[in-house]
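A, B, ... follow the sequence lines: proteins, then strands. Residue 1 opens every chain. Basis for what follows: all heavy atoms, side chains included, without hydrogens, waters or symmetry-related copies.
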Number of protein chains: 2
Amino acid sequence: MADLSELRRPTIKEVAEAAGVSRSTASRALAGNGYVAGQVRERVREAARDLGYVVDATARSLKQQSSRLIGVLVSDLTNAFYADLASGAARECRARGYTMMLIDDSGSPDDELEAAEAFVALRVAGVVGTPVSAGLADFLARQRTPVVEVDRQFAEGVVDAVVVDNREATRVTTEHLLALGHRRIALFIDETEWTTGRDRLAGYSDAIAAAGIELDSALVFPTGWDVDAAREAAHTLLSSANRPTAIFAANNVLAEGAWRAAAHLGLQVPRDLSLVSFDDAPWMSMVTPGLTSISQDAGELGAQAIATLLERIADASLPPRTVILSAAITMRGSTSAPLN
Amino acid sequence: MADLSELRRPTIKEVAEAAGVSRSTASRALAGNGYVAGQVRERVREAARDLGYVVDATARSLKQQSSRLIGVLVSDLTNAFYADLASGAARECRARGYTMMLIDDSGSPDDELEAAEAFVALRVAGVVGTPVSAGLADFLARQRTPVVEVDRQFAEGVVDAVVVDNREATRVTTEHLLALGHRRIALFIDETEWTTGRDRLAGYSDAIAAAGIELDSALVFPTGWDVDAAREAAHTLLSSANRPTAIFAANNVLAEGAWRAAAHLGLQVPRDLSLVSFDDAPWMSMVTPGLTSISQDAGELGAQAIATLLERIADASLPPRTVILSAAITMRGSTSAPLN
DNA sequence: CTACTATGTGGGAACGATGTCATAGCGGTG
DNA sequence: CACCGCTATGACATCGTTCCCACATAGTAG
């Protein structure tokens, strides 16, 4: 039984005394390193259990100058994509014997840097993050802390990254719309500076060009970052005289905005509007018709990022690499040939 | 500029030397405690900036015997409820100057205990968790680590908790169904042992009893824990001869299962089946008709739990308290009078 | 002129765990 | 018997930070 009257937490010294050995021996018995007689080891472990001893990771990390902690940084936990990514990363961390420390920087570069500093302060073994600026990789590289960029890259070729094949998946999906007969396909996108936006735009352009259509820059439609902004943007776009017959939404949030706007305007999907989304979300299979979407396995993205990070930690001399996962297109009922 | 040729990370000793002061003075200058001449403080801070110095939190925690870390434990990050809760907790932590450490125990009591041990090892200031057993509060109380149970309680009256008024919200919502004329209302529930399930069952029973109806225990329908199990259970229930005219799903996962089963069976909501859910989820406002549901502000739940924890940390002598948040009913279109 | 306060600085002992090194017993080998 | 290798244990320095104290100086009140 733990001694509840004891105010301070027991240290390894108390465990050693209770077992009648030295601190060194107790340490070896608990960690399983070096020589310890079987009988002694048992006595020490029993003493530790009785006292309710829990190792002080701060002291251990200090002495060992390393920890079994991994920092994970995401932009918005309430977005299922990031939540799934974090969940996959957590799974992989646990499986490898690491503890994950998660921070949500709400997409702010300032918070991102602050989080990176917190990770370094805690002397994490490495960091996985969905960056919102080049600051993350810069700072961590300077601090000699291994980092893996996931989902998007700000330090291509400099640090490891795990991303999906945005360009290819977007191209194929756009071709699907073109094959149905659509000629006015709007690309609904929040930004085109990050690798995600840039590559999705490129895939869209590839398909348009291959179809021999001239790219109408008015159809590359900038939206805001959240559902409401996207909904308003979609409302404007869909109310216009020369409205598109199809919308390709560059992520699940924008797709939600577009969906809501279409519903509000009384447009029927897919009769009046075909809609596809990059990034699958739970609601897309719940609504009628279901949304055709590009499913990135966000959990796998997180898990692969952790795996890549651990390889980097094991061997710092490896050349930087970018792991590219493919994305699958899930056909549902939200696309059909255009009316006119 | 940071000295990139330096292999080891700079310590406060190097900062002190660069600024021409002692470690003590450097420490005071950086932390802002005690007397330091303004000019000296600036010099030290500049030196720290130039060297890229980041405090070693492991050493600081060791010396101070406390940290600015808070452990948060949730059951399933891929469930929007837990993700939102974690996000709210993260927000509150940051606002209060704490760093959040998140672990997902995937609903397993073993993992839960392992996570609690990791938190204690890191000497977190306190823990907030959605418990899956009494083990969490037991262990942490024994370890003298403040803990707040959130969403459900296994240590009622022993440790602090933040929950929603499950009984009242369920009662009111059930009354709404009764008022529409429903008499055969199934309670779709995964468990009735935890406080959440227990109280939701109680609220349901309250309303049934108040309406002078005898509770039909066959209508309290046990489901599994995930969407697929719930869908199968719903399929069975809705295929039966004497099927209910309304379903009250005790959480968002079960509601999803019920919704999918109804759609699969070709049942129209609300004409053939009224459906309400405890716990709002994004898809419930996307589908047609929208689902009438009880919205718990999961983010607020997380934030309140952190606030409660910090009060507990500030004053350990406070009597244990349970904060009860009310839940709001969001009326959408998924209920109507029964056909027959 | 003494005593006292306020301001400023540095020396050094912790905090708890680990791991190197020294030491020692023992059995086997040349 | 000298030597080695193996098992087993403990003493002690160390990791980076903080903070208690001692000490120093200057200004001020009694």
Side-chain angles (χ1 to χ4, degrees), chain A residues 6-45 47-48 51-69 117 120-125 143-144, chain B residues 6-44 47-48 51-69 117-118 120-125 143-144:
Chain A
E6 185 65 56
L7 281 172
R8 260 181 55 275
R9 241 183 278 268
T11 70
I12 201 169
K13 188 165 161 243
E14 271 116 29
V15 173
E17 277 164 10
V21 296
S22 71
R23 295 195 324 275
S24 312
T25 303
S27 173
R28 280 192 305 268
L30 294 174
N33 305 336
Y35 294 112
V36 190
Q39 196 186 350
V40 173
R41 178 170 47 238
E42 278 320 302
R43 212 166 63 227
V44 172
R45 296 205 165 157
L51 291 172
Y53 172 76
V54 176
V55 68
D56 185 328
T58 65
R60 169 184 286 172
S61 299
L62 175 60
K63 169 64 183 163
Q64 297 188 328
Q65 295 291 81
S66 70
S67 74
R68 298 287 280 179
L69 268 182
E117 199 160 328
V120 172
L122 282 162
R123 300 301 189 250
V124 297
Q143 292 292 333
R144 303 233 162 319
Chain B
E6 185 66 57
L7 281 172
R8 261 180 54 275
R9 239 184 281 268
T11 71
I12 201 170
K13 189 167 160 241
E14 273 116 28
V15 173
E17 278 164 9
V21 296
S22 69
R23 292 191 333 276
S24 313
T25 302
S27 173
R28 279 192 305 267
L30 294 174
N33 304 335
Y35 293 111
V36 190
Q39 196 187 349
V40 173
R41 177 169 49 237
E42 278 321 302
R43 211 167 64 226
V44 171
L51 291 172
Y53 171 76
V54 175
V55 69
D56 186 329
T58 65
R60 170 183 284 171
S61 299
L62 175 60
K63 171 62 185 168
Q64 296 188 327
Q65 294 291 84
S66 69
S67 74
R68 299 286 280 180
L69 269 182
E117 199 160 325
V120 172
L122 281 163
R123 301 300 190 252
V124 298
Q143 291 291 335
R144 304 234 160 319

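Of all nucleotides in DNA chain D, those with any atom nearer than 4.0 Å to a heavy atom of chain B start and finish, going 5' to 3', at D:dG16 to D:dC19. Mapping heavy-atom proximity under 4.0 Å, the span of DNA chain C touched by chain A runs 5' to 3' from C:dG16 to C:dG19.
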Pairs under 3.5 angstrom only: tabulate donor-acceptor contacts from the side chains of residues 36-43 of chain A to other protein residues two or more places apart or in another chain.
unit_1: A:R43; atom_1: NE; unit_2: A:A19; atom_2: O; d: 3.0
unit_1: A:R43; atom_1: NH2; unit_2: A:A19; atom_2: O; d: 3.1

For residues 58-66 of chain B, which side-chain N or O atoms pair as donor and acceptor with protein atoms under 3.5 Å away, sequence neighbours left out?
unit_1: B:T58; atom_1: OG1; unit_2: B:D56; atom_2: OD1; d: 2.4
unit_1: B:S61; atom_1: OG; unit_2: B:A57; atom_2: O; d: 2.8

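In the region residues 31-45 of chain A, proximity to DNA chain C at under 4.0 angstrom, judged on heavy atoms, holds for A:N33.
Between A:A18 and A:A47, the shortest heavy-atom distance links the atoms CB-CB, 4.0 Å. Heavy atoms only, all atoms of each residue included: B:S67 and B:V124 are closest at OG-CA, 3.7 Å.
The structure places CD of B:E14 at 11.5 Å from CZ of B:R23, a figure rounded to the nearest 0.5 Å.
Comparing B:V21 and B:A59 along DNA chain C, the residue whose closest nucleotide (by nearest heavy atom) sits nearer the 5' end is B:V21. Between A:R23 and A:R28, it is A:R28 whose nearest contact on DNA chain D lies nearer the 5' terminus. Looking at which nucleotide of DNA chain C each of B:Q64 and B:S24 is closest to, the 5′-most match is held by B:S24.
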Please walk me through it: do B:I12 and B:L30 pass side chain to side chain contact (heavy atoms under 4.5 Å, CB included)?
CA-CA 9 Å; B:I12 201 170; B:L30 294 174; 4.2 Å; yes

Could you walk me through whether A:L69 and B:L122 pass side chain to side chain contact (heavy atoms under 4.5 Å, CB included), step by step?
CA-CA 10 Å; A:L69 268 182; B:L122 281 163; 4.2 Å; yes

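Residue pairs satisfying the side-chain hydrogen bond (donor to acceptor under 3.5 Å, both in side chains) criterion with at least one member in residues 24-34 of chain A, sequence neighbours excluded, are listed as follows: A:S22-A:T25, A:T25-A:R28.
For A:R9 (side chain) and B:Q143 (main-chain N/O), a donor-acceptor pair under 3.5 Å exists by modelled atom type.
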